[in-house]
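Let me begin by presenting the structure, written as structure tokens, before commenting on it.
Scope of the values below: all heavy atoms of this structure, side chains included, with no hydrogens, waters or symmetry mates. Everything numeric in this text was worked out from a predicted model, so none of it was measured.
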Amino acid sequence: MNRTLNKTKVLRLRLRDKHARLLRDVAREVNFVWNYCNELQITMFNRERRFLSGYDFAKFTRGATKEGLHLHSHTVQAIAEEYATRRKQFRKVRLSWRKSTGSRRSLGWIPFKKAAIHAAHGQVKFAGQWLSLWDSYGLEAYQIRAGNICEDARGRWYLNACVAVPVAKHKSSARREVGIDLGLEDFVATSAGEKLSAPQFYRGLEPKLALAQRAGKKDRVRAIHAKIANRRKDSLHQFSTHLVRGYDTIFVGNVNASALAKTPHAKSVLDAGWSAFRTMLRYKCDFAGATFAEVNEAFSTQTCSACDSRSGPKGIAGLGIRVWTCGECETVHDRNVNAAKNILAAGRRRLAEGIPALF
């Protein structure tokens, strides 16, 4: 019996701006339920020194939709469950209050469950209203499991729907493999010699951003930040899709982006988006039936990919050396491509030895 393997994928679609007022009103009620859970948790902890679960909150919120709330009962449950999850995650007695007005207003967030939303003829029905959106996925063909509707800093609303998507079968045994080295001058260098220069999305618009900030134009600042984020996301999506379509096995070095973000190179590291790129590769490989693995990239720059001798540039003084010659076999190496070849070799060894890759 053949069964299709499905995995959950999140589809993000933008809602029409004409629904913004309605969604803000719904988000205000969501904030009310969240703050009620927060206040109830504080009271219960002070009285009984115990924490409430999503199931416990359900006893107190039962019947709330009949007392003036316009939310679906499942949405109220989803809010309470999310609150309990985040409180446990952050290990706090209470979480921050959600604010519906003022300069520090919380961005709109409306969770929902399967029964609270329905997609048909290019629209979704939520809270008793049909909401129009830019349906680039054909949402009607999917069965929505759960998700949320959220607002960004510019006041635009998006539907984030969790749907089941069939996973492709694993590709043939004649595998095309590639190693990837992540860097700042060359964002990506592959073992096949392919390179993608660091686009510097933030650096390119930094002068305009500074000008808007000095002028106090908050809307313009938000627009520039959104443009930077969209450009970065589009570039990462395009190149990650290109790699997944071209290779069956992808090995990436486990460069520690969070540690490097605390160094003087922090701005360039955050602008590059290494973590987002690896996340894209991981889930795209899952859906394409390809293999993705992170491997230890220690000494990948210093080691000769031809003879394995550690004769490459070392230390801070060697960071500026982009091309070097091996002192043992006299092979001329491009710094980043050589590192990518060593990452590929390390990935092959791990798979051959049966050791799971680093995730």
Hey, are the side chains of [X] and [Y] touching, using non-hydrogen atoms and a 4.5 Å cut-off?
X	Y	result
Leu107	Asp152	no
Phe277	Val188	yes
Glu177	Leu344	yes
His72	Lys113	no

Flag yes if more than 12 heavy atoms outside [X] fall under 6.0 Å of its [atom1] atom; otherwise flag no.
X	atom1	answer
Lys284	NZ	yes
Lys233	NZ	no
Arg50	CZ	yes
Phe51	CZ	yes

How long is the straight-line distance from [atom2] of [Y] back to [atom1] of [X], given to the nearest 0.5 Å?
X	Y	atom1	atom2	value
Arg94	Leu40	CZ	CG	14.5 Å
Leu23	Arg28	CG	CZ	11.5 Å
Ile343	Glu297	CD1	CD	5.0 Å
Gln77	Arg62	CD	CZ	9.0 Å
Ile250	Phe292	CD1	CZ	7.5 Å
His265	Leu260	NE2	CG	8.0 Å

*Would Phe187 and Phe239 satisfy ring pair (Phe, Tyr, Trp, His ring centres under 6.0 Å), going step by step from the backbone distance to the final call?*
CA-CA 11 Å; Phe187 171 66; Phe239 198 66; 7.5 Å; no
Just checking, any donor-acceptor pair under 3.5 angstrom between side chains of [X] and [Y]?
X	Y	answer
Asn31	Ser100	yes
Gln238	Asp234	yes
Ser132	Gln123	yes

*Among Leu196, Asn336, Leu243, the one residue meeting side-chain contact (heavy atoms from CB on, under 4.5 Å) with Ile180*: Leu243
Test item: [X] side-chain N/O and [Y] main-chain N/O as donor-acceptor pair under 3.5 Å:
X	Y	result
Arg176	Gly246	yes
Asp186	Ala189	no
Asn35	Arg98	yes

*asked:* Could you work out, with salt bridge (charged side-chain N to carboxylate O under 4.0 Å, His left out) as the rule, every residue matching Asp334, not counting sequence neighbours?
replied: Lys195
*CA sep, side-chain torsions, deciding dist, call: Phe57, Tyr83, ring pair (Phe, Tyr, Trp, His ring centres under 6.0 Å)*: CA-CA 10 Å; Phe57 281 120; Tyr83 175 87; 5.6 Å; yes
*Determine, for Phe45 and Arg47, whether the Lys NZ or Arg CZ falls below 6.0 Å from the six-membered ring centre while staying within 45 degrees of the axis.*
no
_Less than 6.0 angstrom from the centroid, inside 45 degrees of the normal: does Arg16 satisfy that with respect to the ring of Trp134?_
yes
*Not counting sequence neighbours, which residues clear side-chain hydrogen bond (donor to acceptor under 3.5 Å, both in side chains) with Ser53? List them please.*
Asp56
*Indicate, with yes or no, if Trp324 and Val337 share a hydrophobic cluster defined by side-chain heavy-atom contacts under 4.5 Å among Ile, Leu, Val, Met, Phe, Trp and Tyr.*
no
*In terms of hydrophobic clusters joined by side-chain contacts under 4.5 Å, are Leu11 and Tyr158 together?*
no
Could you pull out all donor-acceptor pairs under 3.5 Å where a side-chain atom in residues 200-220 meets a protein atom, sequence neighbours excluded?
from   : atom 1 : to     : atom 2 : distance (Å)
Arg203 : NH2    : Ser268 : OG     : 3.1
Glu206 : OE2    : Lys267 : NZ     : 2.8
Asp219 : OD1    : Arg222 : NH1    : 2.9

*Identified side-chain hydrogen bond (donor to acceptor under 3.5 Å, both in side chains) counterpart of Gln89 within the set Arg86, Lys92, Arg91, Arg87*: Arg86
*Is the shortest side-chain N to carboxylate O distance from Arg105 to Glu151 below 4.0 Å?*
yes
